[in-house]
Amino acid sequence: MRPLPLFKGQRPAVPVTAAPKDTVYSSQWRLIYQKFKKHKLARISMYILGAFYIIALFAQFIAPYGLQSYDSKYVNAPPMGLRFVDADGKFHIKPFVYELKSERDPETLRKMFVPDTEKKHFFKFFVKGEEYKFLGLIPMSTHLFAVDEPGRIFLLGTDGMGRDLFSRIVLGSQISLSIPLVGVGISFILGLIIGGISGYFGGWIDSMIQRIIEIIRSFPTLPLWMALSAAIPPRIPVVTMYLYIVIIFAFIGWTDLARVVRGKFISLKNEDYVIAAKIAGVGDAKIIVKHLLPGFMSYLVVATTLAIPSMILGETAMSFLGLGVRSPATSWGVLLQEAQKIENVALYPWKLIPLAFVILTVLTYNFIGDGLRDAADPYKK
């Protein structure tokens with residue numbers, strides 16, 4: 001049978017064929033992952049952040065000294081550099097550090113440290129030292145590295161009490177990196193539940209929740225931190241202090257996400273598929289979980305990732321001001337307390353090293369958030 005002739009300007013019909021059986025359809029999350037992998041800066045940031053969390057997980061093993069370890073002989077000692085070539089020009093396969101000896105500046109009479117080239121201490125791995133609980137469970141005394149006894153190694157210098165700054169930065173990462181995650185997790189749940197109820201049901205419930213959010217957001221951040229921190233009893237255990245700090249951040253941080261979730265629910269609850277689900281007798285809880293949340297879950301993941309840096313800065317600021325974690329516990333904010341005085345920064349600039357870790361962590365989270373935002377945007381090529 002001959003095909004019918006085509007009129008002027010008419011195109012031949014394209015036959016509709018079924019998709020091949022081996023065709024693979026990617027899910028939304030897989031598409032996001034594939035686009036995220038192409039964001040090089042976000043991918044590198046994820047590797048750096050992963051390394052930070054691995055270090056925090058094994059902090060007691062990596063740190064050569066504990067939080068209570070100090071030496072009054074090395075108060076405000078400068079960083080020790082690992083060396084392979086000694087003062088005589090001889091090369092050593094094993095790295096070493098020179099012992100520090102104190103002297104007085106003839107003009108200012110200020111105590112200063114200089115390397116003692118007569119005393120070398122060689123670098124060693126897996127050395128017995130102070131006892132600790134590996135992962136908080138297994139008693140151990142092996143540390144990743146140290147130097148020959150009776151030598152001491154201070155890769156990043158010491159603080160005003162002669163405590164190793166490298167060890168305190170590594171141990172402080174456990175609090176500085178975990179409090180924001182736990183705080184954001186609690187804020188995420190509160191914002192999702194409260195914002196979802198406000199946007200889905202509306203009416204007087206929505207009005208009441210919005211007024212509460214406005215009251216919380218009307219307080220300046222710093223006075224609110226001070227008021228909440230004043231409610232924490234003094235000299236409480238470190239674990240309890242950790243819990244209180246997390247509650248403070250969760251109490252402050254849920255309002256932003258709750259407003260976003262409310263707006264999304266208001267825009268989606270009148271869609272045809274939601275109305276059809278209501279007519280079919282589907283319960284409100286199932287509509288929220290099965291129909292509404294998946295529509296903007298990728299946005300929530302991005303918003304949560306971008307909220308973590310503000311939590312890190314908040315914990316650092318609270319501890320820096322003496323409102324958060326306190327000694328003998330440590331965090332990056334606690335370590336920066338000694339940098340409050342200008343003379344400390346001018347004479348001992350290595351005390352600002354914890355600030356570099358704060359900046360790097362915040363930048364990595366921001367880059368990862370940017371990568372997720374670009375990957376989750378359906379209109380971005």
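Here the structure is a predicted model, which means the values were calculated and not measured.
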Donor-acceptor pair, Thr364 side chain versus Thr361 backbone, under 3.5 Å?
yes

Backbone of Ile194 reached by a side-chain donor or acceptor of Ser198 within 3.5 Å
no

Apart from Tyr98 itself, what residues make up its hydrophobic cluster, given side-chain heavy atom links below 4.5 Å?
Phe96, Phe122

Would you please name every residue forming a ring-ring contact (aromatic ring centres under 6.0 Å, His included) with Phe52, sequence neighbours left out?
none

Rounded to the nearest 0.5 angstrom, the CG-CG distance for Leu156 and Asp164 is 7.5 Å

Under 3.5 Å, is there a donor-acceptor pair between the side chain of Thr142 and the main chain of Val127?
no

side-chain hydrogen bond (donor to acceptor under 3.5 Å, both in side chains) filter on Gln60, not counting sequence neighbours, yields Gln174

Compute whether any side-chain donor of one residue and acceptor of the other, for Lys111 and Asn76, lie under 3.5 angstrom apart.
no

Hits for salt bridge (Lys or Arg N to Asp or Glu O under 4.0 Å) against Lys101, two or more places apart or cross-chain, chain-then-number order -> none

Under 3.5 Å donor-acceptor, Trp350 side chain and Thr158 backbone:
yes

Would you please say whether a donor-acceptor pair under 3.5 Å links the side chains of Glu130 and Ser141?
no

Only counting residues at least two apart or in another chain, list the ones meeting ring-ring contact (aromatic ring centres under 6.0 Å, His included) with Tyr74.
Phe154

Using the salt bridge (Lys or Arg N to Asp or Glu O under 4.0 Å) criterion, which residues pair with Asp86? Sequence neighbours excluded.
none

Cluster overlap Ile287 with Ile266, hydrophobic side-chain contacts below 4.5 Å:
no

